[in-house]
Peer 1: 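Provided herewith is a single structure, encoded as structure tokens, for subsequent inquiry.
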Amino acid sequence: MILKSNIYTLFDDLWPGMLYMQQHKVNCINQYSSINNYFLKYSDDHNKLLKGLCTLDGVGLTIASGLIWSVYPEERVPFDKYTFTYALFKRIIRTEEISNDYVGNSLRVKEYCNSFVKKKYTIESFVREAMIKMEGKFLYEPR
């Protein structure tokens with residue numbers, strides 16, 4: 001189950017600088033019932049959950065992966081263009097086809113984050129670092 005507060009956290013706290021953030025947030029709030037239905041239907045298969053969310057109007061891979069992250073922040077990755085490009089740059093993932101194995105790609109990022117033993121480095125830390133490190137660089141859009 002996803003809560004409306006998860007959607008607010010995603011856009012207001014993690015992605016406040018996203019282009020058209022306000023419109024994306026309103027779109028997700030307006031489709032809350034449909035989004036939640038996908039979370040309930042595919043709670044045990046996040047690859048199917050991602051694909052289901054991507055069928056909703058105005059919800060592409062970036063927004064869908066962000067919605068999943070908002071509910072499962074310790075396990076899943078919100079693959080925006082910064083995070084995706086940074087994961088490619090660091091050779092954590094080696095494919096541009098995130099949607100084919102969202103769970104596996106998230107696991108690789110999680111394993112990378114867990115490799116830091118001297119400090120707590122979360123998936124959110126990775127996403128925030130990616131925004132800084134990839135600013136002004138050529139960015140790839142996840143598919």
Side-chain angles (χ1 to χ4, degrees), residues 1-29 31-32 34-36 38-143:
M1 174 176 205
I2 187 171
L3 303 173
K4 287 184 179 179
S5 62
N6 296 112
I7 296 170
Y8 287 110
T9 296
L10 172 65
F11 291 106
D12 295 339
D13 296 338
L14 188 69
W15 288 339
M18 173 185 264
L19 198 59
Y20 306 112
M21 178 277 288
Q22 194 63 34
Q23 291 92 328
H24 289 301
K25 180 171 68 175
V26 168
N27 183 49
C28 288
I29 294 297
Q31 296 187 83
Y32 172 75
S34 297
I35 289 169
N36 192 44
Y38 277 115
F39 271 88
L40 294 172
K41 183 176 182 178
Y42 297 121
S43 64
D44 61 339
D45 189 337
H46 294 173
N47 286 321
K48 287 183 180 176
L49 175 57
L50 181 80
K51 290 179 191 267
L53 291 171
C54 286
T55 66
L56 297 173
D57 186 43
V59 178
L61 190 135
T62 296
I63 302 300
S65 67
L67 291 169
I68 297 170
W69 170 84
S70 75
V71 176
Y72 304 100
E74 302 298 321
E75 304 293 324
R76 300 295 172 246
V77 177
F79 281 110
D80 63 357
K81 60 187 175 182
Y82 296 99
T83 305
F84 175 65
T85 303
Y86 195 50
L88 284 172
F89 175 78
K90 298 287 252 173
R91 298 185 187 270
I92 298 166
I93 60 173
R94 298 181 185 265
T95 178
E96 294 179 24
E97 299 291 332
I98 294 298
S99 61
N100 288 339
D101 187 14
Y102 174 64
V103 171
N105 287 305
S106 290
L107 180 61
R108 283 186 271 294
V109 172
K110 180 182 178 194
E111 288 171 350
Y112 173 81
C113 294
N114 289 344
S115 72
F116 290 81
V117 292
K118 292 192 178 194
K119 68 176 180 173
K120 182 174 172 128
Y121 190 76
T122 64
I123 290 171
E124 183 175 345
S125 304
F126 182 83
V127 172
R128 293 189 183 284
E129 182 173 284
M131 284 188 261
I132 294 166
K133 298 280 188 179
M134 296 291 103
E135 185 64 38
K137 305 252 190 311
F138 178 81
L139 301 170
Y140 295 94
E141 288 288 339
R143 295 183 282 162

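Remember, predicted model here, so these are calculated numbers, not experimental data.
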Peer 1: Shortest non-hydrogen contact from G52 to T55?
Peer 2: O-OG1, 2.6 Å
Peer 1: Run the salt bridge (Lys or Arg N to Asp or Glu O under 4.0 Å) test against E141 and tell me which residues pass, sequence neighbours left out.
Peer 2: none
Peer 1: Checking K48 now: which residues fulfil side chain to side chain contact (heavy atoms under 4.5 Å, CB included) with it, not counting sequence neighbours?
Peer 2: Y42, D45
Peer 1: Using the test ring pair (Phe, Tyr, Trp, His ring centres under 6.0 Å), find all partners of H24 that sit at least two apart in sequence or belong to another chain.
Peer 2: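 For H24 there are no ring pair (Phe, Tyr, Trp, His ring centres under 6.0 Å) partners, ignoring immediate neighbours.
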Peer 1: Taking only residues two or more places apart in sequence, or in another chain, which ones meet Y32 in a side chain to side chain contact (heavy atoms under 4.5 Å, CB included)?
Peer 2: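 Side chain to side chain contact (heavy atoms under 4.5 Å, CB included) check on Y32 returns M1, I2, K4, I7, N36.
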Peer 1: Among all residues two or more places apart in sequence or in another chain, which pass the side-chain hydrogen bond (donor to acceptor under 3.5 Å, both in side chains) test with Q23?
Peer 2: none
Peer 1: Looking at every heavy atom in both T83 and D80, which two are closest together, and how far apart are they?
Peer 2: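 Scanning both residues completely, I find the closest heavy atoms to be OG1-OD1, 2.6 Å.
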Peer 1: Minimum heavy-atom separation for L61 and P142, please, with both atom names.
Peer 2: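 In terms of heavy atoms, the two residues are closest at CD2-CB, 3.5 Å.
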Peer 1: Who passes side chain to side chain contact (heavy atoms under 4.5 Å, CB included) against L139, sequence neighbours left out?
Peer 2: K81, Y82, T85, M134
Peer 1: Please name the pair of heavy atoms, one in T62 and one in F79, separated by the smallest distance, quoted to 0.1 Å.
Peer 2: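 Closest pair (atom of T62, atom of F79, distance): OG1-O, 3.4 Å.
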Peer 1: Can you sort out the partners of R128 under side-chain hydrogen bond (donor to acceptor under 3.5 Å, both in side chains), two or more places apart, ordered by chain and number?
Peer 2: E124
Peer 1: Which residues pass the side chain to side chain contact (heavy atoms under 4.5 Å, CB included) test with R108, sequence neighbours left out?
Peer 2: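 Partners of R108 by the side chain to side chain contact (heavy atoms under 4.5 Å, CB included) criterion, ordered by chain and then number, come out as I92, I93, D101, N105.
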Peer 1: State which residues pass side-chain hydrogen bond (donor to acceptor under 3.5 Å, both in side chains) with T122; sequence neighbours excluded, sorted by chain then number.
Peer 2: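 If we apply the side-chain hydrogen bond (donor to acceptor under 3.5 Å, both in side chains) test to T122, skipping adjacent residues, the hits are S125.
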Peer 1: With side chains defined as the heavy atoms from C-beta onward, is the minimum distance between K41 and L49 less than 4.5 Å?
Peer 2: no
Peer 1: side-chain hydrogen bond (donor to acceptor under 3.5 Å, both in side chains), that's the test. Do N6 and T9 meet it? Break it down for me.
Peer 2: CA-CA 5 Å; N6 296 112; T9 296; 5.9 Å; no
Peer 1: Looking only at the side chains, is there a donor atom on one of S106 and Y72 sitting less than 3.5 Å from an acceptor on the other?
Peer 2: no
Peer 1: Specify the closest pair of heavy atoms between G66 and P78, including all atoms of both residues, with the distance to one decimal.
Peer 2: CA-CB, 3.7 Å
Peer 1: Which residues satisfy the salt bridge (Lys or Arg N to Asp or Glu O under 4.0 Å) test with K51, sequence neighbours excluded?
Peer 2: none
Peer 1: Under a 4.5 Å cut-off applied to non-hydrogen side-chain atoms, are L67 and C28 in contact?
Peer 2: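 Side-chain contact under 4.5 Å: yes.
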Peer 1: Does Y140 have any ring pair (Phe, Tyr, Trp, His ring centres under 6.0 Å) partners at least two apart in sequence or in another chain, and if so, which?
Peer 2: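 Y140: ring pair (Phe, Tyr, Trp, His ring centres under 6.0 Å) contacts with F138.
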Peer 1: L56 and I35: which non-hydrogen atoms are nearest, and at how many Å?
Peer 2: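 Shortest heavy-atom contact: CD1-CG1, 3.5 Å.
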Peer 1: Can you measure from CD1 (I98) to OG1 (T95) and round to the nearest 0.5 angstrom?
Peer 2: 6.5 Å
Peer 1: Check whether any side-chain heavy atom of Y121 sits under 4.5 Å from a side-chain heavy atom of E129, and report yes or no.
Peer 2: yes
Peer 1: Could you give the distance from CG (L53) to CD (Q31), rounded to the nearest 0.5 Å?
Peer 2: 10.0 Å
Peer 1: With the side chain counted from C-beta on, respond yes when W69 and V77 share a heavy-atom pair under 4.5 Å apart, and no when they do not.
Peer 2: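 Result no, sub-4.5 Å side-chain heavy-atom pair not found.
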Peer 1: Please list, chain by chain and in numerical order, all residues satisfying ring pair (Phe, Tyr, Trp, His ring centres under 6.0 Å) with Y8, sequence neighbours excluded.
Peer 2: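 Y8 satisfies ring pair (Phe, Tyr, Trp, His ring centres under 6.0 Å) with no residue once adjacent residues are dropped.
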Peer 1: Taking the side chain as every heavy atom from C-beta outward, state whether M21 and D12 have any pair of such atoms under 4.5 Å apart.
Peer 2: yes
